[in-house]
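Heads up, the thing below is written out as structure tokens.
Nothing here was measured: the structure is a model prediction, and the numbers come from that model. We name chains A, B, ... by the order of the sequence lines, and we start the count at 1 in each one.
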Amino acid sequence: MSAGVELDHVTVRFGDFTAVSGATLDIKGGEFFSFLGPSGCGKTTILRTVSGFLEPSEGKVRIGGKDMAGIGPNRRPTALIFQNLALFPLMTVAENITYGLRVRGIDKDMRAKKADELLELIALPGQGNKQMSELSGGQKQRVAIARALAVQPQVLLLDEPLSALDLKLRQHMRNELRIIQRMVGITFIYITHDQGEALTMSDRIAVMSDGVIQQVADGKTIYDEPATAFVASFVGENNPFAGTVAQADGSSALIETKFGRLRGRNPRGLRAGDKAILFVRPESIRLGAGATDTTLSSAVKSVAFEGNMTHVYLEGVGKKNITISVGRQGTTSIPEQGQVAAISYDAALGLALPEGQLARE
Amino acid sequence: MNSRLIVLVVPFIVIAIFWLMARREAKLSHDPTHKGYFERNGMTLGILFIALVALWTLFLVVLPYLYMVVESFHPQLPPSKRGGPEDVLTLAQYQSFFVQPVGGGLNVTHIGAFVFSIIASIAVTALNFAICYPLAFYMAQSGGAQKVRLLMLALIVPYWVNEILRAFSLRLLLASKGLINQMLMGFGFTDAPIDFLGANVGLYVGLSYAYLLIMVFPLYNAIESLDKNQIEAARDLGAPWWRIHKDVVIPYAKPGIASGCTMVFMLSAGSLAAPQFLGGPRTLWFTSVIYNFFFQNFNWARGSAYAFILLAACIALVMLMLRLFKVSLGETIK
Ligand SMILES: Nc1ncnc2c1ncn2[C@@H]1O[C@H](COP(=O)(O)OP(=O)(O)O)[C@@H](O)[C@H]1O
Ligand SMILES: [Mg+2]
């Protein structure tokens with residue numbers, strides 16, 4: 001069984017400090033939902049509020065439509081997988097997995113059966129009697145998942161569970177988590193600062209910054225239609241051109257930047273005179289001039305050849321570079337270092353957004 | 001040969017055996033890059049170091065105890081007869097604990113005092129643990145840093161007051177005309193004063209209090225290193241608070257618990273002042289019996305025999321407990 005999770009204007013404060021402010025979300029039952037944001041933005045705080053370790057200072061958390069106020073973590077239909085896993089080192093693998101059943105007073109035979117079932121699910125059959133110290137990082141990871149699934153939660157909460165693993169294992173576990181989620185069919189709420197993880201696994205993603213939810217959408221929308229300057233700069237590579245809106249209509253805006261007037265789409269309804277940032281992704285820029293309002297030129301600082309791609313870095317504003325990623329199909333020759341090069345993009349691939357905080361590099 | 005001389009020789013023999021073993025070890029697993037002790041320090045300095053350490057341990061640690069062991073196997077004799085024909089090895093002092101030397105009946109008084117001391121020490125240890133565990137858990141896991149520092153201070157400062165003052169102030173509190181009885185009678189809970197001291201309440205409270213810190217710190221150390229997430233994980237999986245302690249905290253803190261309990265038990269069983277000042281009039285603590293042999297009867301032989309009986313019993317009991325709770329001795333001193 002799975003249950004949806006609703007956050008209704010949830011604000012969490014620690015003293016004077018607001019860690020989460022006004023989070024409003026509706027996570028559907030059975031959804032793989034991710035919170036994505038840089039470290040310290042309040043992701044763990046949200047998860048702890050859903051699991052019941054924290055009470056919201058304001059607002060409500062509802063699970064399966066039921067208000068969770070005053071219900072402790074041991075009585076919520078959620079299970080949490082901790083950032084450091086928090087497996088019990090003095091218990092065996094099977095004892096760890098069935099601990100939640102033991103405290104529910106389920107008898108030994110039943111527990112053994114359930115342990116075997118779950119060990120099968122996490123591809124560790126017959127290893128129930130091992131000590132935790134005998135397992136590798138990836139295996140511990142899976143035991144933590146099994147321990148949480150054993151209590152048949154309606155919502156599984158995962159706090160950066162893959163961050164301790166090496167890259168290869170991490171990519172493997174992404175698939176595995178997705179498969180497990182489809183198999184058990186419950187709601188997964190997944191927390192990560194790694195956009196790759198969020199984009200590959202999730203049905204929907206909430207991008208967070210400084211305790212504020214910036215955008216909630218599926219991965220493709222987050223990448224192609226970022227709603228704020230923060231999302232545009234945090235998810236994927238992007239080149240920001242800050243400036244003031246010179247002309248605007250319903251569909252596009254012309255922005256006065258350090259590199260001249262540049263055009264982009266205008267989904268947020270900017271008006272002439274507004275402060276704005278035009279974003280163009282490195283893979284959307286090509287070498288060579290195009291239409292006047294989508295062409296700019298700058299000195300080449302360096303060129304990095306990366307096999308399938310060549311990255312060209314041009315002088316930007318201040319210390320920031322303009323990055324272009326050129327594929328191999330193009331016949332255009334790569335300019336030399338120091339040369340001033342003209343570059344251009346399709347107006348449809350430029351995106352004008354209201355001025356806002358950018359993600360730190 | 002005089003047995004007291006043997007005692008002097010024994011340590012040297014032991015040292016020699018160890019030295020030979022070390023030599024053999026060094027020969028068997030010879031490591032050419034490893035510089036020997038004498039190579040590193042030079043012959044003169046090396047010998048000097050060893051001699052100093054050896055003298056220290058020999059005269060201040062090993063010999064006094066060995067001397068007491070030997071003494072306990074001798075009869076009590078006036079100085080003039082020591083070393084004479086009557087000065088033979090004997091088990092009489094140990095026997096006298098069980099069977100009265102005069103009359104031959106079972107030595108009920110001393111066996112009683114012994115059993116009482118052991119049981120009371122176990123009770124004190126249990127009481128102490130019951131007080132200290134919640135305290136240590138609070139300090140290690142849930143208290144804010146500021147409050148914990150204050151609590152720590154409140155625990156330590158009373159120990160600046162000397163033991164006699166502490167004991168007698170406790171007496172004042174518990175005496176039949178003491179503060180507690182006055183209050184109980186004032187509020188009408190009882191008509192006659194309750195004999196706290198006669199019921200050894202003072203003894204238990206005093207001993208528990210005296211060794212509070214000795215219990216708190218090992219517990220605190222053990223619980224402090226427990227990852228908070230483990231407690232939360234157990235809670236998240238549905239465990240009520242008492243199960244979290246039973247399944248997660250106590251198993252983790254077991255070495256610390258064993259260490260604290262062992263020390264409190266040993267110290268209580270061997271304590272002298274608190275039982276004398278706070279015990280009821282009919283209470284005889286075993287260490288008082290030993291004390292009297294040494295300082296009132298000048299019977300060192302029997303006193304030391306009794307002391308070793310107590311020591312052996314305590315060690316045996318502690319070992320049994322460690323075995324029972326599956327803690328190794330090494331873990332308790334980590
Ligand atoms: N118990 C707490 N007391 C005070 N501040 C906290 C507490 N927990 C978290 N914070 C603060 O709240 C912010 C968000 O923390 P967290 O939710 O852990 O971030 P994330 O998981 O996104 O890295 C951080 O600035 C952190 O310092
Ligand atoms: Mg976190």
message: At a 4.5 Å cut-off on heavy atoms, which part of B:Asp227 comes close to chain A: side chain, backbone, both, or neither?
response: side chain
task: Pull out the residues in residues 41-58 of chain A that come under 4.5 Å of chain B, heavy atom to heavy atom, sorted by number.
output: A:Arg48, A:Ser51, A:Phe53
message: Take a 6.0 Å sphere around NZ of B:Lys246 and say whether it holds more than 12 heavy atoms from other residues, nucleotides or ligands.
response: yes
- prompt: Take atom CZ in B:Phe325; do more than 12 heavy atoms of anything else shown fall under 6.0 Å from it?
  reply: no
Greater than 12 external heavy atoms within 6.0 Å of A:Asp166's CG: yes
Greatest number of heavy atom pairs closer than 4.5 Å to chain A - which of B:Glu232, B:Arg243, B:Arg235, B:Lys228: B:Glu232
- prompt: What distance separates A:Arg102 CZ from B:Leu237 CG, expressed to the nearest 0.5 Å?
  reply: 11.5 Å
query: Do any of residues 59-92 of chain A come closer than 4.5 Å to chain B, heavy atom to heavy atom, and if so which ones, in number order?
result: A:Pro73, A:Asn74, A:Thr78, A:Ala79, A:Leu80, A:Phe82, A:Asn84, A:Ala86, A:Leu87, A:Phe88, A:Pro89, A:Leu90, A:Met91
query: So does A:Arg104 have more than 12 non-hydrogen atoms from other groups sitting under 6.0 Å from CZ?
result: yes
